[in-house]
Amino acid sequence: MAINLDAMRAKLEQSKNGFKKKGDSTKWRPQQGDQTIRILPTADGDPFKEYFFHYNVGKNPGLLCPKKNHGGSCPICDFASKLWREGVDNNDEVAKKEAKNLFARNRYYSPVLVRGNEADGVKIWAYGKTAYESLLGYVLDPDYGDITHPETGTDIVLTYTVPNTPGSFPKTQLKPRRRPSVLCDDAVANCDDLVSSVPEIDTLFQRRTTTEVQALLDDYLSSDANSESRSSETAKYNTESKVDAAFQKFMNG
Ligand SMILES: [Zn+2]
């Protein structure tokens, strides 16, 4: 029987376009209530990725911490640590609070297929430490094992609860289905295509150099009302003295 070229073209199209989108269209957020997801395996054997971000640096979105992610040095970590020590030494709650806001926070990422929306392809789900630990707990529990395995893995029911009280965080509860199941059957999608369409999560974020992070921190500190009179000292190229100067301004402001 001759090969069906139309079908092959369609498969190629799907492989090229259907599952390779990056950026915002790849991200998935749970809705209030229950939804069922399946976490997919990644080529490197670790589908639960941990990243560290600095939030609250001006209007910037979360900035990848060069130190905790890539082993470089990080001006924001250095600044936040100094600020914290000063806050502790001087019993300064405002400094301590600001330091806490600037500390690197971990966030976790996994490729998922959302049940009922399989045609949308593989999405990237971002979650917090509690969910991360509960996922690792299931993987290490012999009753579940590798929940991401395409043949013998397990779907997970995710219950997302958004609290009514302002200031409290949404809760994510995870419960594996009672029975294992295949990632997908032929009626849903080609399973191999799905697995090979899992994006490299690393490529979804903008990696910043130490110098870039320094510049963003400087911008943030110089625009801060507390440090409007920055000295010419901050113009020095020396990273250390820039941080020190900005820090002094911040503390003296
Ligand atoms: Zn950092």
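We count ligands from 1, going down the list as the structure has it; atoms in each ligand are counted the same way.
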Please collect all ring pair (Phe, Tyr, Trp, His ring centres under 6.0 Å) contacts where either partner lies in residues 140-197, sequence neighbours excluded, each pair once. Tyr138-Tyr144

Strictly by modelled atom types, are Asp155 and Thr36 linked by a side-chain donor-acceptor pair under 3.5 Å? no

Polar protein atoms near the Zn ion (ligand 1) [N, O or S; cut-off under 2.8 Å]: His54 NE2, Cys65 SG, Cys74 SG, Cys77 SG

Please determine whether a side-chain nitrogen of the Lys or Arg among Asp143 and Arg178 lies less than 4.0 Å from a carboxylate oxygen of the Asp or Glu. no

Which value, rounded to the nearest 0.5 Å, describes the distance between Arg38 atom CZ and Leu194 atom CG? 11.0 Å

Tyr220 side chain to Asn60 side chain, donor-acceptor N/O pair below 3.5 angstrom: no

May I ask you to check whether Tyr109 and Phe205 place their ring centers less than 6.0 Å from one another? yes

